[in-house]
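This report concerns only the one structure given below.
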There are 2 protein chains.
Amino acid sequence: MTTIKEVAKLAGVSVATVSRALNNSGYVSEAARKKVEAAVEELNFYPNEVARSLYQKKSKLIGLLLPDIANPFFPLIAKGVEDGVNQRGYSLLLGNVEDDLEKEKDYLKIFLQNNIAGVISAVQGDAKEIKKMPFVTLDRVESDRDLAVHSDDYTGGMLAAEVIADRDPKEIVIMVGPKDVPSSAMRLAGNEKVLKERHLDYQLFQTQSYKFELAEQTAHQFFETFPQADSVIASNDVYAIALMKEATKRGQRIPEEFQIIGYDDMPFSRMMYPGLSTIAQPAYEMGYKGAELLCDILEKGFVENGRIQLPVTLKIRESVRKKDKDE
Amino acid sequence: MTTIKEVAKLAGVSVATVSRALNNSGYVSEAARKKVEAAVEELNFYPNEVARSLYQKKSKLIGLLLPDIANPFFPLIAKGVEDGVNQRGYSLLLGNVEDDLEKEKDYLKIFLQNNIAGVISAVQGDAKEIKKMPFVTLDRVESDRDLAVHSDDYTGGMLAAEVIADRDPKEIVIMVGPKDVPSSAMRLAGNEKVLKERHLDYQLFQTQSYKFELAEQTAHQFFETFPQADSVIASNDVYAIALMKEATKRGQRIPEEFQIIGYDDMPFSRMMYPGLSTIAQPAYEMGYKGAELLCDILEKGFVENGRIQLPVTLKIRESVRKKDKDE
DNA sequence: TTGAAAGCGCTACCAG
DNA sequence: CTGGTAGCGCTTTCAA
């Protein structure tokens, strides 16, 4: 690795001048700049970020905390975050925390040890250690002062319920996401508002997790509990797909005998057949906006709007019946 | 952030002693060690990795190069890599390169600038810049001297072909993965070996990419080209699922009129209905082993076996017909 | 067994 | 406009 010192020597100037030229800070004469540029070129020099970071006490790294990268909703978020931070010259330190508070703390410590510039977190119950650094939360709103990007869960809940309400439901069951996740509560509120307005009965099936591995087992339990369910509002697409599989195995035709709507619009939801109707959250955009938000804070020290809500979109596919004419 | 200096002051020793105590390097008296430990405890001190890395010219970071984290095969690899490096005290710098050689070079440069300890790459055509650092390639074998973890593509190709050959195929079409990817060539060789031995005719449909976004479009083209195909060996699960959807839309029953086998065994392949038969690659394990391999090199400077081949497994699900009795 | 000091590569202050 | 220099936090000689 060539250093600034070698560049200085070759250019015939001091390291201070090289540094100023490189960072466009302070005065540098045209002549000096030219010489430095030539030397940089010739030596194929690029600055060592570690040294830079040691001095500034801030690196060009951003920590990304994810609950589970193997859950299909998160890779897209990660991609959005990555593109967003790259755009502004940062890179990502990955922290997959698996709903494990200890692991989360470990990562936060590692982030600190690496002079991280900030953190973007999509995990639910943050360790308080995160407050020591600039951070943005994704897909979640908590204390009012935090920066956050989330989507409109209440509307999403209403949209999902309307889809079902409009399609001649016999026995509605709402599969409710984990209680401690604020967004599931919001969605449920949206569901219930619509269903109550329409005077439609419904039942609740509470789940404990969004974990991929539990989906099939949960789907099984669901049908044990509600064998007569014919219209389901699922907690997310993964669980919806598991439910569809289970229903099909039980001989129910989709959507005639069993209709369902999911949440998230993961890439696969449109690839299967019948396609899963769902509420699309802009996962990539959520990540990208979150990255922008954090970078703004980092660079400007403030933001006009630290709380970004993204709209959801309804995707009607083959997993629900045709809409009633007379609604 | 508290520093080693403050620890030294509180403990009443020099920073050198603190450093030695922390790293178990050189002589430290029991008494001194005790005092240091107490001070560390009291100040809640943890060392700054950036300073450490500046001096050692090696950080505790490992770069991970992925072709596309949104492609369902890679998150599991990433998880395996992450668990593997964490185990050994390293963290991951994420580099999603999108089949873009420029982006790959950019990341390699960023890795270098951050005194990365090594790189784990799952991208296909590596930039030569990677040779400057210790690296392990995943799911690919190239020059004979590199460290690599890959799965047994030839056997995988044979297994897939046998499944089809055993199930009364009428018109076999092999969907071949991108030409420049060594593993697709190996799988094709495995396919052809079996089919030729069995004197079965088949046709080839060449694809240009494994990209998720192209799957549906490619599936459409496939049926335009081979409307009569009834038994397909797909290039991977994503494409297989797209093909299943297209077949179903065209009114073909699976597996009676259209049977198909994929490759990879992504998490979703077993969640759909009918379930996709496929060749399972141990993605998580591949990542984990790759991480171990790299860490071994980093710590010991050598490894007994730098080329790890992992076995593939056949997963028979509902997308293929029942096996012929008389085979 | 210990501490003073040099130095990793870079930035920023200050004097010229 | 420029260069010398201090110092970011840590590790590692080297002499005591």
Side-chain angles (χ1 to χ4, degrees), chain A residues 1-40 43-61 89 109-117 132, chain B residues 1-40 43-61 89 109-117 132:
Chain A
M1 162 160 263
T2 72
T3 73
I4 205 179
K5 210 166 160 183
E6 306 172 46
V7 174
K9 190 197 282 182
L10 181 61
V13 297
S14 72
V15 294
T17 301
V18 175
S19 175
R20 278 186 299 249
L22 256 27
N23 300 294
N24 291 312
S25 59
Y27 297 99
V28 183
S29 65
E30 235 356 87
R33 164 162 278 118
K34 281 261 183 296
K35 285 190 291 183
V36 170
E37 278 166 5
V40 163
L43 296 173
N44 188 19
F45 167 85
Y46 42 94
N48 181 317
E49 278 300 331
V50 175
R52 201 175 260 194
S53 149
L54 179 60
Y55 187 88
Q56 325 253 15
K57 296 166 181 260
K58 277 278 159 271
S59 72
K60 283 299 206 177
L61 302 177
K109 182 171 168 187
I110 290 173
F111 289 172
L112 247 15
Q113 292 183 290
N114 283 282
N115 288 2
I116 218 82
K132 292 183 189 167
Chain B
M1 162 159 263
T2 73
T3 72
I4 205 178
K5 211 166 161 183
E6 308 172 45
V7 174
K9 191 197 283 183
L10 180 62
V13 297
S14 73
V15 296
T17 302
V18 176
S19 175
R20 279 185 298 247
L22 257 27
N23 299 296
N24 292 310
S25 60
Y27 297 98
V28 183
S29 66
E30 239 350 271
R33 165 163 277 118
K34 281 263 182 296
K35 286 189 290 183
V36 170
E37 278 167 6
V40 164
L43 296 173
N44 188 19
F45 168 84
Y46 42 93
N48 182 317
E49 278 299 333
V50 176
R52 199 173 257 189
S53 150
L54 178 59
Y55 186 88
Q56 326 256 275
K57 295 164 180 262
K58 276 277 159 273
S59 72
K60 283 299 205 177
L61 302 177
K109 181 169 169 188
I110 290 173
F111 290 172
L112 247 15
Q113 292 183 290
N114 284 281
N115 288 2
I116 218 82
K132 292 184 189 169

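In what follows, chains are A, B, ... by sequence order, proteins preceding strands, each numbered from 1.
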Between [N] atom [atom2] and [X] atom [atom1], what is the distance in whole Å?
X      : N      : atom1 : atom2 : value
A:K57  : C:dA12 : NZ    : P     : 13 Å
A:K35  : D:dG3  : NZ    : P     : 7 Å
B:L54  : C:dT11 : CG    : C1'   : 13 Å
B:N115 : C:dC10 : CG    : C1'   : 12 Å

Qualifying residue, where the test is side-chain contact (heavy atoms from CB on, under 4.5 Å) with A:E6 and the options are A:L43, A:V18, A:V15: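 Testing A:E6 for a side-chain contact (heavy atoms from CB on, under 4.5 Å) against A:L43, A:V18, A:V15 leaves exactly one candidate, A:L43.
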
Please examine the side chains of [Y] and [X], heavy atoms only from C-beta on, and report whether any two atoms are closer than 4.5 Å.
X     : Y     : answer
B:V28 : B:T17 : yes
A:F45 : A:P47 : yes
B:T3  : B:K9  : no
A:V40 : A:L22 : yes

Tell me whether the side-chain N/O atoms of B:S53 come closer than 4.0 Å to OP1 or OP2 in C:dC8.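 Checking C:dC8 against B:S53, no side-chain N or O comes under 4.0 Å of OP1 or OP2.
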
When the C1' atoms of the five terminal pairs at each end define the local axes, what inter-axis angle does the helix from C:dT1-D:dA16 to C:dG16-D:dC1 show, to 10 degrees?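 End-to-end axis angle for the helix from C:dT1-D:dA16 to C:dG16-D:dC1: 50°, rounded to 10°.
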
The test is side-chain contact (heavy atoms from CB on, under 4.5 Å); show your working for B:L61 and A:L61 and say whether it passes. CA-CA 12 Å; B:L61 302 177; A:L61 302 177; 4.2 Å; yes

So with a 6.0 Å cut-off around NZ of B:K58, is the heavy-atom count from everything else above 12?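 Enclosed: over 12 neighbouring heavy atoms sit under 6.0 Å from NZ of B:K58.
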
What does B:V28 touch in the nucleic acid at a heavy-atom separation under 4.0 angstrom: a base, only the sugar-phosphate, or nothing?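 If one applies the 4.0 Å heavy-atom cut-off, B:V28 turns out to touch the sugar-phosphate alone, with no base involved.
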
Could you please spell out the steps behind the side-chain contact (heavy atoms from CB on, under 4.5 Å) verdict for A:N114 and A:S59? CA-CA 7 Å; A:N114 283 282; A:S59 72; 5.6 Å; no

Compare the minimum distances between each of D:dC1, D:dG3, C:dA4 and the side chain of A:S29, then state the nucleotide with the smallest one.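 Selected nucleotide (nearest to the side chain): D:dC1.
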
Please produce a list of atom pairs where a protein N or O lies less than 3.5 Å from an N or O of nucleotides 10-14 of chain D.
from   : atom 1 : to    : atom 2 : distance (Å)
D:dC10 : OP1    : B:N48 : N      : 3.0
D:dC10 : OP2    : B:I4  : N      : 2.4
D:dT11 : OP1    : B:N23 : OD1    : 3.4
D:dT11 : OP1    : B:N23 : ND2    : 3.1
D:dT11 : OP1    : B:R52 : NE     : 2.7
D:dT11 : OP1    : B:R52 : NH2    : 3.0
D:dT11 : OP2    : B:S19 : OG     : 2.9
D:dT11 : OP2    : B:N23 : ND2    : 3.4
D:dT11 : O3'    : B:Q56 : NE2    : 3.3
D:dT12 : O4'    : B:Y55 : OH     : 3.0

